[in-house]
Amino acid sequence: MNRTIMVLVAAAAVVIGSSASMADETPKGAIANATSTARAIPYDAGVVDLLVTGSAAREIYDRLPGSGRPQACGALGLHKGDGKVSCSKDGQAYACHIWLDVTAQSLTDAEVDDC
């Protein structure tokens, strides 16, 4: 697993594990005083789409290589990444989809969307 993927998975883990009710202090390297959410959307065969929004998504978006491009199918905002990790930015709103194969404990390809 290359360093970029490791950073993305670690950022998602910080979002999930750093809620005020679960932690007594902010983890080292976490984004303090910023709102983020994470939602797991299950699919067939143990695949989960981890949807990250807010400041954590902005961190992931900023760390993905390249510059944002208009999205396919006329969706609003700019898009970075493809496949296993992809993020979008619309003004100040950020969202990232991280596709996980929970059974294999690895990243996997995204569900196919033909618009």
Side-chain angles (χ1 to χ4, degrees):
M1 189 180 304
N2 69 34
R3 181 168 166 66
T4 301
I5 299 301
M6 291 172 53
V7 168
L8 297 173
V9 172
V14 168
V15 170
I16 294 169
S18 66
S19 72
S21 64
M22 294 174 63
D24 294 334
E25 61 186 62
T26 303
K28 183 178 180 180
I31 305 163
N33 299 324
T35 303
S36 297
T37 63
R39 184 174 150 215
I41 305 164
Y43 284 83
D44 293 336
V47 173
V48 172
D49 173 9
L50 181 62
L51 173 60
V52 179
T53 61
S55 58
R58 181 178 181 165
E59 277 294 310
I60 297 168
Y61 180 93
D62 289 345
R63 292 172 189 246
L64 284 172
S67 58
R69 294 177 290 175
Q71 293 183 337
C73 305
L76 298 176
L78 299 175
H79 174 82
K80 276 182 154 184
D82 280 312
K84 299 173 183 176
V85 177
S86 63
C87 295
S88 63
K89 169 187 172 183
D90 186 17
Q92 293 300 311
Y94 290 82
C96 294
H97 292 271
I98 302 169
W99 291 87
L100 305 170
D101 181 335
V102 178
T103 305
Q105 297 185 13
S106 64
L107 295 173
T108 190
D109 292 323
E111 284 285 311
V112 175
D113 181 9
D114 295 331
C115 301

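By convention here, the first residue in the shown sequence is residue 1. Owing to the predicted nature of the structure, the values given are computational and were not obtained by experimental measurement.
Listed by chain and residue number, L51, T53, S88 satisfy the side-chain contact (heavy atoms from CB on, under 4.5 Å) test with A95 (two or more places apart in sequence, or in another chain). For D49, the side-chain hydrogen bond (donor to acceptor under 3.5 Å, both in side chains) partners two or more places apart in sequence, or in a different chain, are H97. A search for side-chain contact (heavy atoms from CB on, under 4.5 Å) contacts involving A104 returns D101, S106, not counting sequence neighbours. The side-chain contact (heavy atoms from CB on, under 4.5 Å) check on D62 picks up R58, with sequence neighbours excluded. Listed by chain and residue number, A40, V102 satisfy the side-chain contact (heavy atoms from CB on, under 4.5 Å) test with V48 (two or more places apart in sequence, or in another chain).
K80 and Y61 get closest at one heavy-atom pair: NZ-O, 3.0 Å. S36 and A56 make their closest contact through OG-N, 2.9 Å (heavy atoms, listed as atom of the first residue, atom of the second, distance).
In this structure, I98 and K84 have side chains that are not in contact, with every pair of non-hydrogen atoms separated by 4.5 Å or more. For the pair V47/W99, a side-chain contact is recorded, criterion being any heavy-atom separation below 4.5 Å from C-beta on.
To the nearest 0.5 angstrom, C87 atom SG is 12.0 Å from L78 atom CG.
Listed by first then second residue, pairs satisfying ring-ring contact (aromatic ring centres under 6.0 Å, His included) with a partner in residues 70-93 number zero, not counting sequence neighbours.
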For T108 and L100, run side chain to side chain contact (heavy atoms under 4.5 Å, CB included): C-alpha distance rounded to whole Å, both residues' side-chain angles, the deciding distance at 0.1 Å, then the answer. CA-CA 5 Å; T108 190; L100 305 170; 5.8 Å; no

